[in-house]
Amino acid sequence: MKQKLPLAALVSLVVAAAWVGPYAWMAITSLKTLPELLRAPTALLPETLTLAAYREVWEAVPMARYLVNTAIMAVLIAVLQILLALPAGFALAKLDFVGKKTAFGLVLVCLLIPAQATFVPVFLMLGRAGLVNTMAALVLPFGASALGTFLVRQACLSIPDELIEAARLDGASDLRIVYRLLAPALRPTLAALFLLSFVFHWNDYFWPLLVVTSPDMAMPALGTVYLRNTETGIDYGPLMAGTAIITAPLVIAFLFAQRRFIEGMTLTGLKG
């Protein structure tokens, strides 16, 4: 007797197809020849597989430099966010001080404020400091993360107070407790935070567009703009190939870190 597919599994398959579909279409389009794209742009499969679009991308723009720039920026931001979120989340979860609830409320308010609302004053400040078109301009504005502080605070609530008190009795300072005791215990949460931050800033387009003024400092998202042909318009083959190259590291990173990511998001919970 055949078993029917559960409704939840069916819904999951439909949602997965909706998410994977555009990526698959992009990959298929990048393998088509230009005449085929012009003749049958909606064909599900290419008539002739070709990597010409990928070769054109590497010849048209310094994609390797763009990928390195973005990797450095995304890693620095993620590491800085973790270094700052750990003590902030620990203080909000385990320390008693005046204004603790107000401070946590401000963190929640910051989650509601779009980053774009602060870009103008931050850009003016960086301009006065002479940091425009530098790696510092790309990294420093995102070093403190309200989301990271919230996630670490929620995860710290699951750490027994007795463990922290025992560390204090052994003479450990708060910083030693944070970075030597809590950091290993919160590894799944920190991995999830790293992945969230890395993916977001790897894909960021708007802020690098504001502060980057030279091609040497460009990010891959900006580099795809250079793939446009001013005479014939957009050449979708190289554009799709460039996008596939840009997103491939994110897909690989998520495939390797998905277990940690799910554990980290589960451990945070919604505790008071």
Side-chain angles (χ1 to χ4, degrees), residues 70-113 115 118 122 131 135-202 204 249-250 252-272:
T70 304
I72 293 174
M73 177 193 70
V75 169
L76 288 178
I77 291 175
V79 170
L80 188 56
Q81 287 184 354
I82 290 174
L83 292 177
L84 296 179
L86 271 171
F90 168 74
L92 292 174
K94 296 299 183 181
L95 300 183
D96 293 323
F97 55 92
V98 178
K100 176 179 177 179
K101 291 185 178 180
T102 302
F104 183 58
L106 291 175
V107 171
L108 296 180
V109 169
C110 289
L111 290 173
L112 303 177
I113 301 175
T118 64
V122 171
L131 295 177
M135 188 60 68
L138 294 167
V139 173
L140 293 180
F142 303 99
S145 169
L147 176 61
T149 301
F150 174 78
L151 292 177
V152 172
R153 185 259 184 188
Q154 296 301 110
C156 281
L157 293 176
S158 63
I159 302 296
D161 294 336
E162 293 78 9
L163 183 63
I164 297 175
E165 292 301 326
R168 287 200 175 105
L169 290 176
D170 289 339
S173 63
D174 284 343
L175 286 180
R176 187 178 180 86
I177 292 173
V178 167
Y179 292 112
R180 298 295 297 273
L181 178 64
L182 292 184
L186 302 179
R187 190 177 290 112
T189 298
L190 300 182
L193 174 58
F194 184 94
L195 188 60
L196 285 172
S197 175
F198 187 86
V199 170
F200 177 83
H201 293 287
W202 181 282
D204 193 12
L250 301 181
I252 295 172
F254 181 78
L255 290 177
F256 279 100
Q258 59 178 322
R259 185 173 64 86
R260 290 288 186 183
F261 177 77
I262 295 172
E263 288 179 1
M265 298 306 295
T266 302
L267 289 176
T268 55
L270 292 176
K271 303 172 184 178

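Remark: side-chain polar atoms of Y179 are not paired, donor with acceptor, to backbone N or O of P87 under 3.5 angstrom.
Between F200 and I77 there is no side-chain heavy-atom pair separated by less than 4.5 Å. Inter-residue side-chain proximity for L84 and S145 is flagged as unmet; no heavy-atom pair is nearer than 4.5 Å.
Between V79 and F194, the closest heavy-atom pair is CG2-CE1, 4.2 Å. Of all heavy-atom pairs between I159 and K94, the closest is O-NZ, 2.6 Å. The nearest pair of heavy atoms linking L80 to G143 is CD2-CA, 3.5 Å. The two atoms that bring C110 and A146 nearest to each other are CB-CB, 3.7 Å, heavy atoms only. Closest approach of K100 to L92, counting heavy atoms only: CE-O, 2.7 Å. Annotation for H201 and M73: closest pair O-CE, 3.1 Å, computed over non-hydrogen atoms.
A distance of 11.5 Å separates CG of D174 from CG of L181, quoted to the nearest 0.5 Å. The structure places CZ of F90 at 5.0 Å from CD1 of I164, a figure rounded to the nearest 0.5 Å. A distance of 10.0 Å separates CZ in F104 from OG1 in T149, rounded to the nearest 0.5 Å. L108 CG to L147 CG: the interatomic distance, rounded to the nearest 0.5 Å, is 11.0 Å. To the nearest 0.5 Å, atom CZ of residue R176 and atom CZ of residue R168 are 14.0 Å apart. Note that the CG atom of L190 and the CG atom of L86 stand 5.0 Å from one another [nearest 0.5 Å].
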